[in-house]
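Fair warning: this is a prediction, and the values are worked out from it, not measured in the lab.
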Amino acid sequence: MTTSTPAKPLNSPARVITASLVGTTIEFYDFYVYATAAVLVFPKLFFPTGNETTALLASFGVFGAAMVARPLGAIFYGHLGDKRGRKTTLVLSLLTMGIATFLIGLLPTYHSVGLVAPVLLLILRLTQGFAIGGEWSGAALVATENAPAGKRAWYGTFPQLGAPLGFIIANGLFLIINWLLPHGTDPLLQSEAFLAWGWRIPFLFSAVMVIVGLWVRLKLVESEAFKVAESKGAIRKLPLTEAFRYHWRELILGTFFMLATYVLFYLMTSFTLTYGTKPQSATPGGLGITYTNFVLMQIFGVVFFAIFTLVSGPLADKLGRRRLLIWITSGIVLFGFSFPLFLAVRPEATMIPVTQFFLVLGFTLMGMTFGPMGALLPELFPTNVRYTGSAIAYNVSSILGAALAPIIAVALWAQAGGSTWLVGVYLAGAGVLTLISLLLSRETKDVDYSASSADETESLSVI
């Protein structure tokens with residue numbers, strides 16, 4: 001008598017985790033490196049307009065251009081991923097993103113080639129955004145389509161872990177470079193050496209992570225779910241048309257699932273850095289904490305982001321994605337109303353610990369809401385449009401949440417005369433919209449992940 005043994009997985013857990021984690025780590029590393037450089041060096045080196053505010057706005061304008069390219073990348077890589085497979089698409093998106101990031105580190109400045117410099121920076125930034133449009137979904141699909149039964153959300157947290165890791169690596173590297181290159185009394189920690197060549201190091205360093213990522217991803221075997229869809233002849237000629245025709249409700253719901261997550265993410269990383277380091281005497285005024293100290297406080301908070309991203313996976317597998325996220329999103333709404341309580345100007349002895357607690361609490365909520373998305377968004381769609389559907393929902397939400405959040409937050413901060421209460425209301429409002437979308441959806445943790453057509457799987461939305 002013989003006993004059957006479980007089939008060996010096509011891709012080992014270590015390979016799946018590494019392949020999905022490396023790309024998103026580079027994605028977020030790229031974001032933080034550019035965001036930091038956009039404040040510290042690009043206004044001086046690429047946009048020397050003679051007016052600091054105009055130069056900074058031009059620098060952030062190029063930064064925001066990547067958001068426009070992301071949905072286009074989602075359509076392109078989604079089509080490729082649903083037609084040719086996840087492996088090929090992941091390798092292409094990572095290679096494109098890595099080359100663009102590396103080349104930014106080699107760009108000549110305005111002082112060398114004039115207007116050609118900002119034009120080249122814009123082109124490379126658009127290329128980065130285009131590649132990022134397909135990176136997240138591919139990484140999430142590699143993780144979840146290779147996950148053991150009952151552990152999709154747990155595996156789906158690993159691509160999400162790239163956000164906190166990218167933040168820590170990028171900001172830590174900038175702090176180390178500035179520490180090694182003495183800068184006198186410059187409030188932005190700039191030295192002549194840093195402006196001449198030090199700023200290039202973080203961009204060039206991305207090549208190391210890209211090489212590791214490519215080595216791992218080239219060893220991947222195509223997922224069983226995609227192979228089944230291929231063998232059944234379920235691959236569609238135009239996955240985008242299929243997604244919009246049969247899954248438009250899921251596209252809308254998925255976009256709003258991510259809204260509160262994106263707004264919270266950019267408020268905790270971008271707005272709090274601006275508000276926390278702005279002098280109290282400025283208009284509008286901030287907390288007046290030094291740049292170095294506040295970044296270190298953020299890094300400490302991001303450690304909790306990483307921890308609770310991983311914690312959220314097993315909880316989402318046990319409780320369900322919808323149930324867990326309803327509770328966490330409700331917490332985000334309440335957290336929004338607490339902004340003026342935590343971020344009020346007070347004596348330094350109490351301001352630092354209170355602000356640190358605020359950052360820890362916000363990043364904890366971020367981990368708990370971001371972690372389950374790695375499984376939830378792909379589960380909304382069948383295999384033959386899963387890459388396209390999840391990529392579009394994720395990246396359209398990035399425009400509504402990520403691209404607009406910093407602009408809206410700064411405007412509300414100024415409107416409130418330096419108070420953060422309107423910014424908190426903005427976060428709470430985004431949380432309410434996400435909460436509504438969750439209440440209008442059904443649980444996805446038990447869906448058949450090998451289903452490949454609109455007829456084979458029940459719609460997940462409430463009509």
Side-chain angles (χ1 to χ4, degrees), residues 22 24-47 52 55-56 58-60 62-64 66 97-98 100-107 109 121 124-125 128 132 161-210 265-278 286-287 289-303 305-306 355-356 359 363 402 406:
V22 169
T24 53
T25 299
I26 296 172
E27 170 191 342
F28 285 99
Y29 172 87
D30 155 67
F31 162 75
Y32 294 122
V33 164
Y34 188 95
T36 303
V39 175
L40 298 183
V41 296
F42 287 167
K44 290 185 177 181
L45 299 182
F46 288 88
F47 307 99
E52 289 186 7
L56 184 61
S59 182
F60 274 119
V62 173
F63 171 70
M97 183 167 54
T101 303
F102 184 81
L103 288 179
I104 289 178
L106 299 177
L107 283 180
T109 65
L121 182 63
L124 291 176
R125 186 62 186 157
Q128 287 177 320
I132 289 172
L161 195 58
L165 289 181
F167 184 96
I168 292 171
I169 296 170
N171 284 281
L173 189 54
F174 265 112
L175 287 177
I176 291 171
I177 292 170
N178 275 301
W179 179 69
L180 292 174
L181 301 175
H183 51 80
T185 59
D186 192 306
L188 291 180
L189 313 181
Q190 297 167 328
S191 66
E192 289 301 319
F194 181 75
L195 289 173
W197 55 269
W199 69 271
R200 300 178 183 274
I201 296 174
F203 290 96
L204 300 177
F205 178 74
S206 67
V208 176
M209 292 190 289
V210 170
F265 177 71
Y266 281 84
L267 291 185
M268 295 307 299
T269 56
S270 178
F271 173 75
T272 58
L273 180 61
T274 302
Y275 176 77
T277 58
K278 196 77 176 286
L287 298 179
I289 301 172
T290 65
Y291 176 85
T292 301
N293 286 342
F294 200 87
V295 170
L296 289 173
M297 292 167 66
Q298 282 189 314
I299 289 175
F300 182 77
V302 167
V303 171
F305 180 6
T355 304
Q356 184 66 80
L359 292 172
F363 279 119

* To do: Give, for atom CG of Asn171 and atom CD1 of Ile176, the distance between the pair rounded to the nearest 0.5 Å.
  => 11.0 Å
* **Passing option when Val295 is tested against Leu273, Ile289, Thr277 for side-chain contact (heavy atoms from CB on, under 4.5 Å)** => Leu273
* **Nearest heavy atoms of Ala66 and Arg125, plus distance in Å** => CB-NE, 3.5 Å
* Quick one: are Leu107 and Leu103 in side-chain contact, heavy atoms under 4.5 Å? -> no
* Asked: Would a 4.5 Å heavy-atom cut-off, applied to side chains only, mark Ile132 and Asp30 as touching?
  -> yes
* Asked: If every non-hydrogen atom of Ser206 is compared with every non-hydrogen atom of Tyr29, which pair is closest and at what distance?
  -> CB-CE2, 4.0 Å
* To do: Heavy atoms only: give me the nearest Arg200-Gly105 pair and the separation to one decimal.
  => NH1-O, 2.9 Å
* Search all heavy atoms of Leu124 against all heavy atoms of Ala100 and return the closest pair with its distance. => O-CB, 3.8 Å
* Side chains of Ile104 and Gln128: closer than 4.5 Å at any heavy-atom pair? -> yes
* **Rounded distance [0.5 Å steps], CZ in Phe47 versus OG1 in Thr109** => 12.0 Å
* **Ala170 to Val33 - nearest heavy-atom pair and separation** => CB-CG2, 3.7 Å
* Do the two ring centres, one from Phe42 and one from Tyr34, sit under 6.0 Å apart? -> yes
* Structure fact -> Here the pair of heavy atoms bringing Gly162 nearest to Thr25 is CA-OG1, 3.4 Å
* Taking side chain as C-beta onward, heavy atoms only, is Leu175 less than 4.5 Å from Leu296? -> yes
* Asked: What about the rings of Phe300 and Phe305, do their centers lie closer together than 6.0 Å?
  -> no
* Asked: How are the rings of Phe203 and Trp199 set relative to one another: parallel (under 30°), tilted (30 to 60°) or perpendicular (over 60°)?
  -> perpendicular
* Asked: If you round to the nearest 0.5 Å, how far is OG1 of Thr24 from CG of Leu161?
  -> 7.5 Å
* Do the side-chain N and O atoms of Gln298 and Thr272 include a donor-acceptor pair separated by under 3.5 angstrom? -> yes
* Asked: Is there a side-chain contact between Phe265 and Phe363 (heavy atoms, below 4.5 Å)?
  -> no
* Structure fact -> Distance col, row Leu267:CG vs Thr274:OG1, nearest 0.5 angstrom, shows 10.5 Å
* List the steps, then state whether side-chain contact (heavy atoms from CB on, under 4.5 Å) holds for Phe28 with Ile169. => CA-CA 10 Å; Phe28 285 99; Ile169 296 170; over 6 Å; no
* Evaluate side-chain contact (heavy atoms from CB on, under 4.5 Å) for Phe294 paired with Thr355, printing each intermediate quantity in order. => CA-CA 9 Å; Phe294 200 87; Thr355 304; 4.0 Å; yes
* Report yes if some heavy atom in the side chain of Leu287 is under 4.5 Å from a heavy atom in the side chain of Lys278; otherwise report no. => no
* Asked: Roughly how far, to the nearest 0.5 Å, is the CG atom of Leu106 from the CG atom of Leu204?
  -> 5.5 Å
* Is there side-chain contact between Thr269 and Tyr32, with at least one heavy-atom pair below 4.5 Å? -> yes
